[in-house]
Amino acid sequence: MAAYPRSAISAVAITTTVANHKPSLLHRHFCPPRSPFLTSHLIRNVSVDLHNQRRRLLRPPRAFAVDVSGHLIQDAGATLLVVAGAYVLVSGFDNLTQRQIIEQSLSRKLVHILSGLLYMGCWPIFSTSTDARYFAALVPLLNCARLLVHGLSLVTNEDLIKSVTREGKPEELLRGPLYYVLMLILSTVLFWRESPIGVVSLSMMCGGDGIADIMGRRFGIHKIPYNKNKSWAGSISMFIVGFLISTGMLYYFSIFGYFELNWVSTIERVATVALVATLVESLPTKGGLDDNISVPLVSMLTAYLSFGFQP
Ligand SMILES: Nc1ccn([C@@H]2O[C@H](COP(=O)(O)OP(=O)(O)OP(=O)(O)O)[C@@H](O)[C@H]2O)c(=O)n1
Ligand SMILES: C/C(=C\CO)CCC[C@H](C)CCC[C@H](C)CCCC(C)C
């Protein structure tokens, strides 16, 4: 850094800010320029017109404004896109159920598996702004409002009821589906894409718990000794698929650089979370906690204890 005249460094910082719109302004102000061509070019400019360069030095707030409005547009666009995606998913499964291509119970579980996983899969399209998580959380929040309005029968929407309830009663929207979107909001705001805790917990709730139902209904002949409503097929599937989806999602987010993981210890930790979540899901819960609350919460606690808090 000492090799560069201070004026040239500031000029480069401002020029690169306007040209690149990268997130950290401070970082760019204190890093040497990357291109030697750019440096010599700017040094020439600076020596020719010091007055103009001083005027440019007064402009960082403008560059900052460009960054902020860029993030705002990106986050608002991403939110709209994901809201539309959620609408298409629910209507699409209603359509498949109406045409009797799939049963209502399968549609409900596929919406359960896909909506949360696709929602997480969309997180990288949000900006690097600190507010991005709140924009993302708007999507389950809007769905939460939708479930409340229809669950309380203030408005009737057959599509939503057919694709996400078991018996087709509006009040069912106020249980499993509502808890599900509340957990999406909680995890988004608390952990976002920056911590493995939220990613693993939501993967267990969406992928693990969802597959336990699908496999348990089809192949669940052998029941678990302490719970005649659950089967070995359901629980073993939950453990294996929950583990695989969690690891896959962690890998996906690590590709974007949101966190770096030691894969040997990560695999052990994810296996622990999957095991604890599967055990909790297999317990008898007559009138007790819904799986959409117990599975993500116990996964968060176990992941917190094994990964440590990485907000
Ligand atoms: N470990 C598991 C989990 C579920 N199932 C089967 O999957 C179906 C649904 O289970 P579950 O999700 O626990 O039922 P509910 O809580 O009543 O429904 P939901 O969670 O979908 O609201 C049942 O046939 C159950 O036997 C299973 O065999 N083994
Ligand atoms: C049936 C469900 C739970 C019962 O166990 C899931 C209910 C899902 C909600 C009605 C819809 C949630 C939508 C997500 C917040 C966003 C999905 C976006 C994506 C791009 C499809």
Side-chain angles (χ1 to χ4, degrees), residues 78-94 97 104-123 125-126 136-151 157 159-167 172-185 187-188 202 205-224 226-242 277-296:
T79 307
L80 286 178
L81 210 69
V82 185
V83 167
Y87 189 80
V88 169
L89 184 87
V90 171
S91 317
F93 274 98
D94 170 59
T97 323
Q104 189 161 333
S105 64
L106 181 61
S107 155
R108 178 166 164 267
K109 279 299 152 177
L110 289 176
V111 172
H112 174 111
I113 294 173
L114 290 174
S115 52
L117 293 180
L118 290 175
Y119 169 62
M120 280 200 282
C122 291
W123 285 353
I125 66 175
F126 288 86
L138 272 179
V139 182
L141 190 67
L142 285 173
N143 278 278
C144 179
R146 198 177 171 206
L147 292 169
L148 284 172
V149 165
H150 294 103
N157 180 336
D159 292 15
L160 184 68
I161 294 170
K162 284 207 187 85
S163 47
V164 306
T165 66
R166 199 183 325 156
E167 292 161 18
E172 285 179 64
L173 297 175
L174 301 175
R175 295 194 292 269
L178 184 66
Y179 303 144
Y180 180 96
V181 292
L182 288 175
M183 286 301 144
L184 292 185
I185 298 171
S187 182
T188 309
L202 292 186
M205 175 182 81
C206 306
D209 183 49
I211 212 74
D213 177 301
I214 294 177
M215 300 301 278
R217 276 180 206 271
R218 272 153 195 74
F219 310 106
I221 313 153
H222 303 290
K223 303 293 178 191
I224 293 179
Y226 52 84
N227 188 356
K228 295 293 166 215
N229 291 324
K230 309 266 166 140
S231 64
W232 285 109
S235 291
I236 292 170
S237 306
M238 174 167 178
F239 174 75
I240 296 173
V241 175
T278 303
L279 281 172
V280 167
E281 196 274 346
S282 73
L283 296 173
T285 52
K286 271 271 165 278
L289 264 190
D290 188 278
D291 290 342
N292 287 344
I293 297 179
S294 59
V295 169

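In listed order, ligands and their atoms are each counted from 1.
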Min heavy-atom dist [X] to ligand 1 below 4.0 Å:
X      : value
Arg108 : yes
Ser231 : yes
Arg166 : yes
Ser282 : no
Glu281 : yes

Note the single closest protein heavy atom to [atom], along with its residue, its atom name and the distance in Å.
atom                    : answer
atom 5 (O) of ligand 2  : His112 ND1, 2.8 Å
atom 17 (C) of ligand 2 : Ser115 O, 3.4 Å
atom 9 (C) of ligand 2  : Val181 CG1, 4.1 Å
atom 14 (O) of ligand 1 : Asp213 OD2, 4.8 Å
atom 11 (C) of ligand 2 : Asn143 OD1, 3.7 Å
atom 16 (C) of ligand 2 : Ala86 CB, 3.8 Å
atom 19 (C) of ligand 2 : Leu118 CB, 3.8 Å

Do side-chain atoms of [X] reach the backbone of [Y] as a donor and acceptor pair under 3.5 angstrom?
X      : Y      : answer
Thr285 : Gly288 : no
Ser187 : Met183 : no
Asn143 : Val139 : yes
Asn292 : Gly176 : yes

Which atoms of ligand 2 have any heavy atom of [X] under 4.0 Å away?
X      : result
Val164 : 1 (C)
Gly85  : 21 (C)
Leu184 : 15 (C)

Close-contact set for ligand 1 against [X] heavy atoms, below 4.0 Å:
X      : answer
Lys230 : 1 (N), 2 (C), 3 (C), 4 (C), 13 (O), 27 (C), 28 (O), 29 (N)
Asp291 : 13 (O)
Gly216 : 27 (C), 28 (O)

### Query
Is any N or O atom of Arg108, backbone or side chain, closer than 3.5 Å to an N or O atom of ligand 2?
no
### Query
Taking atom 26 (O) of ligand 1 as the point of reference, which of Asn229, Thr285, Asn292, Asp290 owns the nearest heavy atom?
Asn229
### Query
Side chain or backbone of Asn292 under 4.0 Å from ligand 2, or both, or neither, by non-hydrogen atoms?
side chain
### Message
Just to be sure I read this right, does ligand 1 sit under 4.0 Å from the backbone of Lys109, its side chain, both, or neither, counting only heavy atoms?
### Response
side chain
### For Tyr226 against Leu279, the heavy-atom pair lying closest together
OH-CD2, 4.1 Å
### Message
So Leu114 and Phe93, do their side chains get closer than 4.5 Å, heavy atoms only?
### Response
yes
